[in-house]
Protein chains: 2
Amino acid sequence: MVQPKEDRRIQRTRQLLSTALLKLIEERGYDSLTVNDITEQANVGRATFYLHYEDKEQLLVESLEEMFSQLEDLIDPLSEALGEEHHSTATRLLFQHFADHHGLYRVLLTEKGAAMVFPRLLEIISQIAEQIAGQDVISKSVSAKQPQTRVSTNLVAHYVAGAFLGSVIWWLNNNRPYSAQQMAAIYVHLMDPGVTKALGIASAELPELSDVLASSNSTL
Amino acid sequence: MVQPKEDRRIQRTRQLLSTALLKLIEERGYDSLTVNDITEQANVGRATFYLHYEDKEQLLVESLEEMFSQLEDLIDPLSEALGEEHHSTATRLLFQHFADHHGLYRVLLTEKGAAMVFPRLLEIISQIAEQIAGQDVISKSVSAKQPQTRVSTNLVAHYVAGAFLGSVIWWLNNNRPYSAQQMAAIYVHLMDPGVTKALGIASAELPELSDVLASSNSTL
DNA sequence: TACATTTATAGACATAGAGTCCAATAAAAG
DNA sequence: CTTTTATTGGACTCTATGTCTATAAATGTA
């Protein structure tokens with residue numbers, strides 16, 4: 001199954017439309033945008049738009065999937081480097097991702113036109129949480145030692161993902177007063193040990209919160 | 001400032017429109033609805049709609065504010081009955097509220113047309129969390145004994161609210177396999193003690209999770 | 001009850017944006 | 001260079017919005 005190698009014009013047009021949309025969302029939000037706005041910003045004929053996408057929303061979805069796969073790719077490489085700091089490293093990288101695209105996410109997560117962004121993100125983060133829980137080295141030993149009452153891992157993953165996104169929304173709406181590193185430290189501390197136990201994640205040696213918060217902020 | 005006592009027709013029309021909208025949302029989602037759909041369902045002239053609301057969204061907002069105030073009213077009466085079980089009672093009532101309106105919330109929290117529902121709910125739940133934190137009897141003594149590193153209460157409140165909504169979404173999407181009581185117990189356990197400490201909330205004597213989950217389910 | 005006021009209504013109207021289609025043109029592939 | 005494919009502007013239909021007007025009906029009050 002060799003890819004037919006797409007026509008250069010196709011790639012170019014799609015790229016232009018995607019970039020135009022994301023830029024306009026940051027500037028004016030999503031809801032009020034028309035297909036005309038987007039094609040004008042992209043310098044592309046309006047009819048061309050419909051050669052590639054059914055409607056505005058499909059363009060949004062496809063544009064975001066690109067970013068979302070970046071998110072998922074953040075975690076995969078960590079699968080091999082299993083260690084006790086695996087969990088907090090993953091968490092820091094997640095926060096960093098949202099910092100990198102804060103302008104866009106701020107609009108998409110709080111503006112009314114957020115459309116399906118929040119539910120989709122919830123699923124993605126939730127899956128990542130389950131993935132981390134399943135892969136953690138200490139996971140098995142902990143669950144073995146503590147055959148605790150079983151609460152659906154999927155529920156805990158949604159709890160965790162919701163907490164993460166709630167934190168991110170606060171973070172973005174307050175112009176990121178903490179660094180990604182600090183946010184990760186706070187977040188991990190808040191989960192400990194109720195959630196970490198439930199997910200069977202190691203919560204071995206968390207750095208003291210006061211130390212992390214006292215350190216200089218590299219992101220702002 | 002005596003209210004001019006609104007014309008009965010006004011109340012009637014607004015009630016009809018609100019009811020029609022909420023019913024249609026449950027059946028067909030929000031986005032695809034037209035003003036015509038709504039007025040038809042309500043048996044009201046389309047022109048009449050514009051005598052009361054600017055657009056579809058304003059009707060949605062005003063209709064939901066009614067439910068949201070129910071949410072906030074759930075907590076207020078508890079302010080007087082301060083006790084160690086205050087927190088878990090409040091949590092149970094919150095879950096119960098979402099169970100009572102599960103059909104509507106399921107659509108609004110997961111369908112793409114959710115519009116501004118999620119951000120709004122996040123703010124409401126977050127405020128409730130701060131309110132509970134501020135009022136809890138044990139709050140002061142704990143914070144006094146533990147002058148721990150200060151993390152913005154507002155951040156923790158958003159963490160808590162996000163976790164709550166993440167849990168609710170899982171709950172509704174899985175047809176509420178646990179009762180509101182059980183969900184509350186799980187939720188409180190997951191927060192303990194990381195969050196409870198940060199908010200200065202009592203986490204005194206939580207019932208054993210296994211006991212709660214073993215008890216018969218009164219909601220399903 | 002009767003009256004003055006307010007609201008509801010149907011239908012007409014202007015406008016905007018979505019989505020389709022086509023013939024002409026431009027550009028890429030081979 | 002030839003063939004194939006993509007882009008383009010413009011015209012067109014359609015749906016829904018939001019406004020307006022004249023008429024009918026309901027309401028609160030004298």
Side-chain angles (χ1 to χ4, degrees), chain A residues 1-25 27-64 107 111-116, chain B residues 1-25 27-64 107 111-116:
Chain A
M1 278 182 89
V2 178
Q3 288 287 25
K5 199 180 185 186
E6 245 171 1
D7 192 309
R8 196 181 302 146
R9 289 169 293 179
I10 295 184
Q11 302 177 41
R12 185 176 139 277
T13 298
R14 294 174 101 97
Q15 185 58 54
L16 285 171
L17 287 173
S18 182
T19 305
L21 173 67
L22 297 184
K23 177 176 179 187
L24 286 178
I25 287 178
E27 291 173 357
R28 301 169 35 195
Y30 171 75
D31 268 356
S32 70
L33 300 179
T34 70
V35 173
N36 205 12
D37 292 333
I38 300 168
T39 54
E40 222 163 72
Q41 167 75 33
N43 238 348
V44 155
R46 195 171 72 93
T48 310
F49 178 94
Y50 292 102
L51 292 178
H52 299 274
Y53 306 98
E54 285 199 350
D55 51 30
K56 192 178 69 160
E57 187 171 318
Q58 194 190 331
L59 171 60
L60 176 67
V61 169
E62 297 198 11
S63 301
L64 290 183
V107 174
E111 213 80 349
K112 57 179 182 152
M116 73 308 158
Chain B
M1 277 182 90
V2 178
Q3 289 287 26
K5 198 182 186 185
E6 244 172 2
D7 193 309
R8 196 181 303 145
R9 287 168 294 179
I10 295 184
Q11 303 177 42
R12 184 176 139 276
T13 298
R14 294 174 101 97
Q15 184 59 53
L16 285 171
L17 287 173
S18 181
T19 305
L21 174 67
L22 297 184
K23 177 176 178 186
L24 286 179
I25 288 177
E27 292 173 357
R28 301 170 34 196
Y30 171 75
D31 267 357
S32 70
L33 299 179
T34 70
V35 173
N36 205 12
D37 292 333
I38 300 169
T39 54
E40 222 163 71
Q41 167 76 35
N43 238 347
V44 155
R46 193 172 73 92
T48 309
F49 178 94
Y50 293 101
L51 293 179
H52 298 276
Y53 305 98
E54 285 198 350
D55 52 29
K56 192 178 70 159
E57 187 171 319
Q58 194 189 333
L59 171 60
L60 175 68
V61 169
E62 296 199 11
S63 301
L64 290 183
V107 174
E111 214 79 349
K112 56 179 181 153
M116 73 307 159

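Quick caveat: nothing in here was measured; it's all calculated off a predicted structure. In what follows, chains carry the letters A, B, and so on, assigned in the order in which the sequence lines appear, proteins first and then strands, with residues in each chain numbered from 1.
Rounded to the nearest 0.5 angstrom, B:Phe49 CZ and B:Asp55 CG are separated by 6.5 Å. Distance check, rounded to the nearest 0.5 Å: NE2 of A:His52 to CD of A:Gln58 gives 11.5 Å. The CD atom of B:Glu57 sits 7.0 Å away from atom CG of A:Asp31, with the distance rounded to the nearest 0.5 Å. Taken to the nearest 0.5 Å, the CZ atom of A:Arg9 stands 14.0 Å off from the CG atom of A:Leu16.
Using modelled atom types, one finds no donor on one side chain facing an acceptor on the other under 3.5 Å when comparing A:Gln11 with A:Gln15.
At whole-Å resolution of the value, CD in B:Glu40 and C1' in D:dA16 are 13 Å apart. Distance OH (B:Tyr53) to C1' (C:dA8): 15 Å, rounded to an integer number of Å. Computed from coordinates, the B:Asp7 CG to C:dA4 P distance equals 18 Å when rounded to whole Å. At whole-Å resolution of the value, CD in B:Gln58 and C1' in D:dT17 are 15 Å apart. With rounding to whole Å, B:Glu57 atom CD is found 13 Å from D:dT17 atom P. Atoms CG (B:Asn43) and C1' (C:dA10) sit 14 Å apart, rounded to a whole Å. Distance A:Glu6 CD to C:dA29 P: 11 Å, rounded to the nearest Å. The OH atom of B:Tyr30 sits 14 Å away from the C1' atom of D:dA16 (whole-angstrom rounding).
Residues A:Val35 and A:Leu59 form no side-chain contact, since every pair of their non-hydrogen atoms from C-beta on lies 4.5 Å or further apart. A heavy-atom distance below 4.5 Å is found between the side chains of A:Leu60 and A:Met116. Side-chain contact between B:Tyr30 and B:Glu111: absent, with no pair of heavy atoms (C-beta onward) separated by less than 4.5 Å.
Nearest-nucleotide positions on DNA chain D place A:Arg12 closer to the 5' end than the other of B:Arg12 and A:Arg12.
In summary, of the residues considered (B:Lys56, B:Arg28, B:Lys23), a salt bridge (Lys or Arg N to Asp or Glu O under 4.0 Å) with B:Asp37 occurs for B:Arg28 alone. No option in A:Thr13, A:Thr19, A:Leu21 other than A:Thr13 meets the side chain to side chain contact (heavy atoms under 4.5 Å, CB included) test with A:Leu17.
The rotation axes computed at either terminus of the helix from C:dT1-D:dA30 to C:dG30-D:dC1 lie 40° apart, taking five pairs at each end and rounding to 10 degrees.
When distances are taken from the side chain of B:Arg8 to each of C:dT9, D:dG28, C:dA28, the shortest belongs to D:dG28. Closest to the side chain of A:Thr48, from the set D:dT7, C:dT7, D:dT5, is D:dT7. Nearest nucleotide to the side chain of B:Thr13, out of D:dT27, D:dT8, C:dA8: C:dA8.
A close approach under 4.0 Å does not occur between any side-chain nitrogen or oxygen of B:His52 and OP1 or OP2 of C:dT7.
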Protein-nucleic acid N or O pairs under 3.5 Å, nucleotides 18-22 of chain C:
from: C:dA18; atom 1: OP1; to: A:Val35; atom 2: N; distance (Å): 3.4
from: C:dA18; atom 1: OP2; to: A:Val35; atom 2: N; distance (Å): 3.3
from: C:dG19; atom 1: N7; to: A:Arg46; atom 2: NH1; distance (Å): 3.2
from: C:dG19; atom 1: N7; to: A:Arg46; atom 2: NH2; distance (Å): 3.4
from: C:dG19; atom 1: O6; to: A:Arg46; atom 2: NH2; distance (Å): 2.8

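Note on A:Ile10: only backbone sugar-phosphate atoms sit closer than 4.0 angstrom, heavy atoms only; bases stay farther off.
In this model, a side-chain donor or acceptor of A:Arg9 finds a partner on the base of C:dA27 within 3.5 Å.
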